2 protein chains.
Amino acid sequence: MTSTPLLEHPFDAFNAHCPSRRLLDAIGDKWTSLVVVALGVHGSLRYTELFKRIDGVSQKMLTQTLRNLERDGLVTRTVTPTVPVGTDYALTPLGDSLLGLLRLLKEWAEEHMGEVDDARAAHDARTGG
Amino acid sequence: MTSTPLLEHPFDAFNAHCPSRRLLDAIGDKWTSLVVVALGVHGSLRYTELFKRIDGVSQKMLTQTLRNLERDGLVTRTVTPTVPVGTDYALTPLGDSLLGLLRLLKEWAEEHMGEVDDARAAHDARTGG
DNA sequence: CGGGATCCCCCGCGATACTG
DNA sequence: CAGTATCGCGGGGGATCCCG
């Protein structure tokens with residue numbers, strides 16, 4: 001009772017075996033952020049629409065990413081039993097709570113790309129030249 | 001001039017060949033966020049200190065992560081030529097501009113771990129049981 | 001259309017040993 | 001102390017085929 005503040009949650013991603021480490025990994029996954037941001041922009045998307053928008057993803061990885069997101073409660077999967085089948089994906093409130101962060105992350109990467117390129121050029125000039 | 005807003009930067013991570021895609025990948029890297037957040041918390045850290053704080057990382061991956069961050073201009077590497085050698089790592093202003101986001105991401109993972117666990121349990125009960 | 005199943009290759013990554 | 005070099009494997013992930 002000497003040093004346990006009540007408001008502190010018990011998770012710490014610095015600890016290898018903390019579940020939040022796995023969650024952090026999942027978020028950082030190559031395709032996760034793009035899928036979430038895409039769904040955030042368009043509200044709800046068909047499988048094929050996602051596939052077209054996220055350039056370079058394979059069907060396997062898109063499906064796998066969506067399954068993980070669904071399992072973690074970040075996206076919903078709604079199947080419309082028409083012929084042929086239609087499937088819509090959308091963010092849950094939980095997924096929506098993450099959207100802002102991932103969108104900022106994507107925007108940060110795009111905004112600071114120039115500075116990073118400069119740093120790389122300077123570093124490569126120092127090292128390789 | 002019909003559809004080229006001046007304020008829009010030319011990068012788009014949805015495009016597979018856009019450099020910002022690679023940057024986004026780098027940020028999402030398994031160890032990057034933890035390294036940046038650790039440096040943000042402590043200001044400046046020795047290699048060994050980082051190694052101890054980031055549980056589960058191997059020497060190889062820590063070094064590799066630090067080299068990439070240095071190359072991208074996000075961290076500085078300062079060698080003190082004592083015997084034995086001492087090396088300090090710290091965030092650059094650019095790295096510092098990313099720190100807030102990554103810290104929020106880590107905190108999001110820790111705060112919402114419970115909800116994600118619930119979603120997983122519910123999903124697994126539906127699927128597996 | 002929206003996937004699941006399978007095959008297979010590549011390389012990310014850990015473990016270990018060595019160096020300035 | 002702060003790395004580099006090398007080896008070896010496990011699985012991530014693409015390609016392909018098939019199915020409801």
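This structure is a prediction, so every number in the text was calculated from the model and none was measured. Below, chains carry the letters A, B, ... as their sequence lines are ordered, and counting in each starts from 1.
Annotation: the span from A/L91 atom CG to A/L45 atom CG amounts to 9.5 Å, rounded to 0.5 Å. Rounding to the nearest 0.5 angstrom, the gap separating the CG atom in B/L23 from the SG atom in B/C18 is 9.5 Å.
A donor-acceptor contact under 3.5 angstrom links the side chains of B/Y47 and B/T63, judged on distance only.
Salt-bridge formation is detected for the pair A/K106/B/D12: a Lys NZ or Arg NE/NH1/NH2 atom is positioned less than 4.0 Å from an Asp or Glu carboxylate oxygen. Checked for salt-bridge contact, A/R77 and A/D88 miss the test: no charged N lies under 4.0 Å from a carboxylate O.
Near-neighbour residues of DNA chain C inside residues 56-77 of chain B, defined by a heavy atom below 4.0 Å, number-ordered: B/S58, B/K60, B/M61. The stretch residues 17-30 of chain A has no heavy atom under 4.0 Å from DNA chain D, so no residue of it qualifies as close.
Of the options A/E110, A/E111, A/H112, a side chain to side chain donor-acceptor pair (under 3.5 Å) to A/W108 is made by A/H112 and by none of the others.
Within 6.0 Å of the CZ atom in B/R120, the count of heavy atoms belonging to other residues, nucleotides or ligands exceeds 12.
The outermost nucleotides of DNA chain D lying under 4.0 Å from heavy atoms of chain B, listed 5' to 3', are D/dC1 to D/dT4.
With hydrogens and angles ignored, the 3.5 Å screen pairs a side-chain donor or acceptor of A/T82 with a backbone N or O of A/P84.
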Take B/D124 and A/R71, measure what salt bridge (Lys or Arg N to Asp or Glu O under 4.0 Å) needs, and give me the verdict at the end. CA-CA 8 Å; B/D124 291 355; A/R71 178 165 187 261; 2.9 Å; yes
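Judged by closest nucleotide on DNA chain D, B/D88 is the one of A/P84 and B/D88 placed further toward the 5' end.
The heavy-atom pair separating A/G114 from B/F11 by the smallest distance is N-CE1, 4.4 Å.
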